[in-house]
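Since the structure comes first, as structure tokens, the remarks are kept for the end.
Atoms within each ligand, like the ligands themselves, are counted from 1 in listed order.
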Amino acid sequence: MTTSTNKTRRIVLASGNAGKLREFSALLAGSGFEFVRQSDLHVPEADETGLTFVENAIIKARNAAEHTGLPALADDSGLEVDALAGEPGIYSSRYAGPGGDNGANVIKLLAALKDVPHAERTARFRCLIVYLRHAADPTPLICQGTWEGHILDAPRGNGGFGYDPVFLVPSYECSAAELPAKIKNQLSHRGQAMTALLSAFSAARS
Ligand code: ITT
């Protein structure tokens, strides 16, 4: 994964989240994209100062494109819980503090929903993916996906990352952390956004 051909497009993945990077690696396999992680190119993490998923995704993609000169792909994503008026939303990774501690985030979420009955524990993951051809690209490609579910009373499963252990996937009656990675990628907010992005590329090339 270090050289480009006429048929491949070398891009930088503007994420420092190991869980996302694992999923992107699978989602981009065979797509014609050859990717490099931003940490491998010593790109510093961007400050996520936006108030929307799309702003933050653009900030991250632009930061990576500026530092590398490569086209960049970024994901801003999060969990919206209806009983919490959409929280933690864009602050999902920082819900329990700036360190991005998945375990602490889950504990805080379960405490906030302690007395909320199952029927009112509806939630969804959202994912915004932004692709910038270069740092000053005035027409970024922007695709999104959502994944509906419920918040469980306690964590289940060891797969995935983030809030997956407490996200009930109704069609499978298990948590997202209990799903095989391949199935999660077929169903998830990130899988949907990535499928849309790859279709947009195919359309642009044909
Ligand atoms: P990068 O900005 O470096 O990509 P990040 O973790 O800070 O990493 P975000 O700001 O987009 O990324 O926050 C996304 C958070 O939302 C993530 O840390 C999880 O807590 C949660 N999240 C997003 N997608 C998820 C998924 O598929 N499964 C579980 N939790 C997810």
Side-chain angles (χ1 to χ4, degrees), residues 11-27 35 37-41 43-64 67 72-81 84 86-110 112 123-131 142-152 155-169 174-195:
I11 61 172
V12 56
L13 287 185
S15 175
N17 180 315
K20 283 187 192 178
L21 289 167
R22 259 196 318 275
E23 292 182 7
F24 275 124
S25 174
L27 289 164
F35 64 86
R37 296 167 176 80
Q38 67 173 17
S39 59
D40 294 337
L41 299 176
V43 176
E45 298 259 338
D47 282 339
E48 297 185 34
T49 52
L51 295 180
T52 60
F53 291 110
V54 70
E55 285 171 284
N56 282 336
I58 290 173
I59 287 169
K60 290 187 271 191
R62 188 176 292 135
N63 176 60
H67 280 88
L73 189 149
D75 158 314
D76 201 60
S77 47
L79 180 69
E80 278 179 7
V81 179
L84 302 177
E87 284 189 3
I90 63 163
Y91 303 106
S92 292
S93 70
R94 301 168 261 169
Y95 188 44
D101 179 336
N102 287 326
N105 287 339
V106 165
I107 288 169
K108 182 172 176 182
L109 179 67
L110 292 180
R124 68 207 52 77
F125 279 122
R126 284 194 192 279
C127 175
L128 255 293
I129 291 180
V130 163
Y131 176 82
I142 301 174
C143 293
Q144 58 183 301
T146 59
W147 194 19
E148 299 285 337
H150 276 78
I151 304 302
L152 290 159
R156 286 168 49 177
N158 298 310
F161 68 98
Y163 298 91
D164 281 342
V166 289
F167 187 79
L168 176 73
V169 183
C174 69
S175 80
E178 293 175 309
L179 284 178
K182 196 172 171 186
I183 305 286
K184 181 185 171 192
N185 278 341
Q186 283 167 5
L187 301 174
S188 79
H189 50 315
R190 185 162 299 104
Q192 294 173 42
M194 201 62 220
T195 300

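No N or O atom of N102 sits closer than 3.5 Å to an N or O atom of ligand 1. Taking only nitrogen or oxygen atoms, main chain and side chain alike, G16 reaches within less than 3.5 Å of ligand 1. For the pair D164 and ligand 1, the shortest N or O to N or O distance falls below 3.5 Å.
By the 4.0 Å heavy-atom criterion, L79 is excluded from the residues contacting ligand 1. Heavy atoms of R94 come nearer than 4.0 angstrom to ligand 1 in no pair at all.
Side-chain rings of F24 and F35 stay apart, their centers remaining 6.0 Å or farther from each other.
Summarising the contacts of atom 31 (C) of ligand 1 with W147, F53, F24, F125, the nearest heavy atom is found in F125. Of the options A177, A64, S77, G100, the smallest heavy-atom separation from atom 14 (C) of ligand 1 is shown by S77. The closest heavy-atom contact to atom 6 (O) of ligand 1, among the options N17, L109, L13, comes from N17.
One N or O on the side chain of Y163 and one on the backbone of S92 form a donor-acceptor pair closer than 3.5 Å.
The side-chain heavy atoms of M194 and I129, taken from C-beta on, include a pair separated by under 4.5 Å.
A parallel orientation is assigned to the rings of F125 and H189, their planes being inclined by less than 30° (bins at 30° and 60°).
Near S15, with a cut-off below 4.0 Å to any heavy atom, the atoms of ligand 1 are 1 (P), 3 (O), 4 (O). Atoms of ligand 1 found under 4.0 Å from any heavy atom of G162, numbered from 1 in the order shown, are 29 (C), 30 (N).
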